[in-house]
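Lettering of chains follows the sequences in order, A, B, ..., and the numbering in each one begins at 1.
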Amino acid sequence: MIIHIDCNSFYASCEIIFRPDLQGKPVVVANCNEAGGGIILALSKEAKTIGLKRGNPIFQVKEIIEKNNVAVFPANLVKYCDISRRIMQVVIDENIVHNFIQYSVDEFFGTILEDDPDKLKRLLLKLKDDIERGIGVPVSCGASTSYTLAKVATWYSKHYPAFNGVCILPKEKITAALERLPVEEVWGIGRASKHKLDHFGIHTADDFVNKQESFIKRFFSITGVRTWKELQGEPCINIDDPPQQRSIMHSRTFTYMTDNIEVLNTYMSNFVAAATRKLRDQHSVCRSVTVYIVTNRHREDLPQYNNSASMQLTTASSETPLIIKTALVLLGKIYRSGYNYKKAGIILSDIASDRSVQLDLFADSHNDHGRQRRLMAAADSINTRYGMNKIRIASQGFEESKLNLNCFQPLKNQTTNIDDIIQVKSNK
DNA sequence: TCTGGGGTCCTAGGACCC
DNA sequence: TCTGGGGTCCTAGGACCC
């Protein structure tokens with residue numbers, strides 16, 4: 001049976017670990033910036049019941065937050081990734097789950113060689129209990145014969161308290177489960193498909209399954225057919241660990257719009273620095289660089305302009321200076337004055353291992369390549385030790401405050417930084 | 001005032017080939 | 001009236017995911 005583990009309100013649950021006084025209270029995690037912008041990314045159950053939703057801009061729900069004394073945390077991905085890794089380790093140590101794979105920061109898939117639903121339920125209850133007691137994050141579990149069905153089971157475990165957070169969906173119960181499942185709850189059915197399905201009178205997952213394969217193929221393409229097969233218990237989604245990321249992206253929405261090319265150049269340089277660092281951390285190089293800029297789509301009163309440009313590098317690279325240079329050339333090509341830009345970003349793609357770089361036949365000296373590599377390695381190790389951007393390219397700028405587009409609050413990393421470790425006070 | 005960030009996969013259509 | 005036929009490769013954009 002394929003099993004699925006899903007962390008409940010993951011980001012919010014992670015924050016509550018270190019603030020046990022907030023247990024049972026409304027908690028939200030948002031990606032805030034210094035102007036109080038940002039949107040809600042995750043919410044505790046209690047925050048949902050008072051009407052807050054994922055995606056709400058903070059400024060729109062300010063009243064609800066203040067009235068109900070909601071705790072708002074800035075998102076701290078480093079912390080959440082570390083906690084996710086610890087959950088993974090708990091499961092691995094149990095030694096009952098095979099092919100255990102992290103699907104996302106808060107979801108896992110695996111296989112358990114146990115067909116008896118009762119025995120499987122006991123195994124998963126124990127696993128859930130061990131995660132909750134060992135790490136402090138509540139989880140929901142589902143099990144069935146395909147990935148999509150395992151997620152259906154998890155959906156039931158979350159929506160019906162009688163399951164105690166663990167739902168097993170054996171073959172004979174699949175139809176009954178799909179008959180009661182709104183089709184838009186199925187993994188792989190998004191907003192656009194929901195619209196089409198409504199039009200065809202398909203409202204439950206079972207309605208979807210009962211259509212002909214040719215119909216599904218015609219209107220929902222090959223991906224729809226996969227979901228259709230998965231819902232019938234035939235696993236056909238590939239969830240192997242990707243050997244390597246295929247693209248790396250870095251982008252930010254600016255707190256304030258800007259039409260200044262110099263400012264955009266500074267932002268872009270920093271995006272490239274972050275993206276290339278990630279590229280080097282996974283021992284990769286990229287061949288293709290794409291930059292884009294967009295205006296504020298929420299401001300219909302202002303002229304809109306979005307554009308992007310790409311370039312292929314002669315030699316695949318992960319060197320910050322070279323890629324900044326490339327990105328700034330591209331930015332110069334798509335930049336138009338007279339627009340207020342709200343967001344910009346970079347995408348590195350065509351990624352390969354740095355062990356198989358095809359050098360440029362016509363380059364002056366291949367030694368240069370080795371030198372650049374050592375330079376980057378030295379810069380990375382200094383920045384790891386003394387803090388992000390202690391060593392930087394001049395075009396990244398020097399004003400610390402302006403570099404921080406994302407979040408102005410210093411984040412507490414209780415699980416990875418000894419200085420941030422939680423303090424327990426005695427009550428005299 | 002303030003409206004996220006980072007991914008994957010698929011398709012249609014254009015450019016090009018013989 | 002009828003205006004070839006069969007490919008490949010690339011890219012932009014859509015849809016979906018968390």
Under 4.5 Å between any side-chain heavy atoms of [X] and [Y], yes or no?
| X | Y | result |
| --- | --- | --- |
| A:Tyr147 | A:Tyr103 | no |
| A:Cys7 | A:Tyr80 | no |
| A:Ile2 | A:Pro235 | yes |
| A:Leu124 | A:Ile168 | yes |
| A:Phe100 | A:Ile92 | yes |

Closest approach to the side chain of [X], judged atom by atom: which nucleotide of [options] is it?
| X | options | answer |
| --- | --- | --- |
| A:Arg297 | C:dC18, B:dG4, B:dT3 | B:dG4 |
| A:His250 | B:dG6, B:dG4, C:dC18 | B:dG6 |
| A:Lys343 | B:dG4, B:dT3, B:dG5 | B:dG5 |
| A:Tyr103 | C:dC17, B:dC2, B:dG5 | C:dC17 |
| A:Asn31 | B:dG4, B:dT3, C:dA15 | B:dG4 |

Please confirm whether the shortest side-chain N or O distance from [X] to OP1 or OP2 of [N] is below 4.0 Å.
| X | N | result |
| --- | --- | --- |
| A:Arg191 | C:dC16 | no |
| A:Ser247 | B:dT8 | yes |
| A:Ser193 | C:dC16 | yes |
| A:Thr255 | B:dT1 | no |

Would you indicate what [X] reaches in the nucleic acid, counting non-hydrogen atoms under 4.0 angstrom: base, sugar-phosphate, or nothing?
| X | value |
| --- | --- |
| A:Lys151 | sugar-phosphate |
| A:Ile39 | base |
| A:Ile347 | nothing |
| A:Asp106 | sugar-phosphate |
| A:Leu77 | nothing |
| A:Arg226 | sugar-phosphate |

Whole angstroms only, please: what is the [atom1]-[atom2] distance between [X] and [N]?
| X | N | atom1 | atom2 | answer |
| --- | --- | --- | --- | --- |
| A:Phe109 | C:dC18 | CZ | C1' | 12 Å |
| A:Asn56 | B:dG4 | CG | C1' | 13 Å |
| A:Asn76 | B:dG5 | CG | P | 16 Å |
| A:Phe10 | B:dG5 | CZ | P | 20 Å |
| A:Lys53 | B:dT3 | NZ | C1' | 16 Å |
| A:Lys62 | B:dT1 | NZ | C1' | 10 Å |
| A:His195 | C:dG14 | NE2 | C1' | 15 Å |
| A:Leu348 | B:dT8 | CG | P | 12 Å |

Under-3.5 Å N/O pairs linking protein and nucleotides 10-13 of chain C:
none

Symbol by symbol from the 5' end, with Watson-Crick or G-U pairs under 3.5 Å, [ ] crossing and | another strand, DNA chain C is ....||||||||||||||
Is the centre of the A:Phe215 ring less than 6.0 Å from the centre of the A:Phe200 ring? yes
Contact nearer the 5' end of DNA chain B, comparing A:Ser251 with A:Lys217: A:Ser251
Using heavy atoms to find the nearest nucleotide of DNA chain B for A:Arg299 and A:Tyr292 separately, return the residue whose nucleotide is more 5′.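 Upstream on the strand: A:Arg299.
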Just by distance, do the side chain of A:Thr154 and the backbone of A:Gly142 share a donor-acceptor pair under 3.5 Å?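 At least one qualifying donor-acceptor pair exists.
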Please identify which of these residues, A:Ile346, A:Leu331, A:Ile324, meets the side-chain contact (heavy atoms from CB on, under 4.5 Å) condition with A:Ser269. A:Ile324
Report yes or no: is the cationic atom of A:Lys62 (NZ for Lys, CZ for Arg) under 6.0 Å from the centre of the six-membered ring of A:Phe59, at an angle within 45° of the ring normal?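 Because its charged atom misses either the 6.0 Å distance or the 45° angle limit, A:Lys62 does not stack over A:Phe59.
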Measure from NZ or CZ of A:Lys196 to the centre of the six-membered ring of A:Phe220, then state whether that distance is under 6.0 Å and the direction lies within 45° of the axis. yes
Ion pair check, A:Lys128 and A:Glu132, cut-off under 4.0 Å: yes
For the P atoms, the ones on B:dT3 and on C:dC18, what distance do you get once it is rounded to whole angstrom? 25 Å
